[in-house]
Amino acid sequence: IYFANSEQEASEYADVLREEGATPAIYQLDIPDALASRLLDYYKPIPGTLFNKLVVQAKKAGLDVDEIAAIREESFAEAASVLEDGLIANDDPNPGRRVSEMMAAAGIPGITVRSDIGPMRVIWDQKGLDSIVIAPTNKAAVKELREEITATPLPSEMLFEGLGIAILG
């Protein structure tokens, strides 16, 4: 799920996703402050304790821990790329999803990415997603979407009080 700060930003990002072949939908959401404050900056290094937990996850996945440790001071983006490259080399069938799972297991619920159309938030941790609430006017669309998505279901109970726009693609 990608999060935007305004409806215009969400619409612009939805256009980008459509150009890439996705079929995004826009929903009004509220991201709790407790979750938003835990999202990492895509362009900054992963903090020490979380990085150490990520190295443990990389080791469990059979990746070269020395290669991962060598990028301790690099950005989140670089760390994610190294992890994904290692999983690809190990013939993982879904390296992008596996990296998200490793990040969640290390305590990293998602990221904030600065872009030309404004900051976007990407959340992959199911507990984090469970804390997000969706406007009642979106419930029918979310129910329909839930029925279509089997690999990564949306939270089962979603109520509303909030602002912000999300793009589900």
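On a predicted model such as this, the values are computed, not experimentally measured, just so you know.
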Work out which heavy atom in [X] is nearest to a heavy atom in [Y]; give both atom names and the distance.
X	Y	answer
Pro95	Glu84	CB-CG, 3.8 Å
Met102	Gln57	O-CG, 3.6 Å
Asp41	Phe76	O-CB, 3.7 Å
Ala79	Ile46	CB-CD1, 3.8 Å
Leu50	Gly107	CD2-O, 3.9 Å
Arg98	Ala61	NH2-CB, 3.9 Å

Hey, is the main chain of Ala77 close enough, under 3.5 Å, to the side chain of Ser81 for a donor-acceptor pair?
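Not a single qualifying donor-acceptor pair exists.
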Run the side chain to side chain contact (heavy atoms under 4.5 Å, CB included) check on Leu40 and Ile108 step by step: do they pass?
CA-CA 7 Å; Leu40 298 186; Ile108 302 168; 3.6 Å; yes
Separation of [Y] [atom2] from [X] [atom1] (nearest 0.5 Å):
X	Y	atom1	atom2	value
Lys59	Asp66	NZ	CG	10.0 Å
Leu63	Ile68	CG	CD1	5.5 Å
Ser75	Ile111	OG	CD1	10.0 Å

Only one of Leu83, Asp85, Asp92 passes side-chain contact (heavy atoms from CB on, under 4.5 Å) with Val99; say which it is.
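For Val99, the side-chain contact (heavy atoms from CB on, under 4.5 Å) test succeeds with only one of Leu83, Asp85, Asp92, which is Leu83.
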If you count the non-hydrogen atoms of other residues, nucleotides and ligands that lie under 6.0 Å from CZ in Phe51, is the total more than 12?
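For Phe51, atom CZ is crowded (more than 12 foreign heavy atoms under 6.0 Å).
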Listed partners of Asp15 passing salt bridge (charged side-chain N to carboxylate O under 4.0 Å, His left out), at least two apart
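Partners of Asp15 under the salt bridge (charged side-chain N to carboxylate O under 4.0 Å, His left out) test: Arg18.
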How far apart are the C-alpha atoms of Arg72 and Asn52, what are their side-chain angles, what is the distance that settles it, and do they pass the side chain to side chain donor-acceptor pair (under 3.5 Å) test?
CA-CA 9 Å; Arg72 178 177 292 277; Asn52 293 340; 2.7 Å; yes
Could you state whether Val82 and Val56 fall into the same hydrophobic cluster, counting links through intermediate Ile, Leu, Val, Met, Phe, Trp or Tyr residues with side-chain heavy atoms under 4.5 angstrom apart?
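Cluster IDs for Val82 and Val56 differ.
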In one Ile/Leu/Val/Met/Phe/Trp/Tyr side-chain cluster, 4.5 Å: Met103, Tyr43
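Linked within one cluster.
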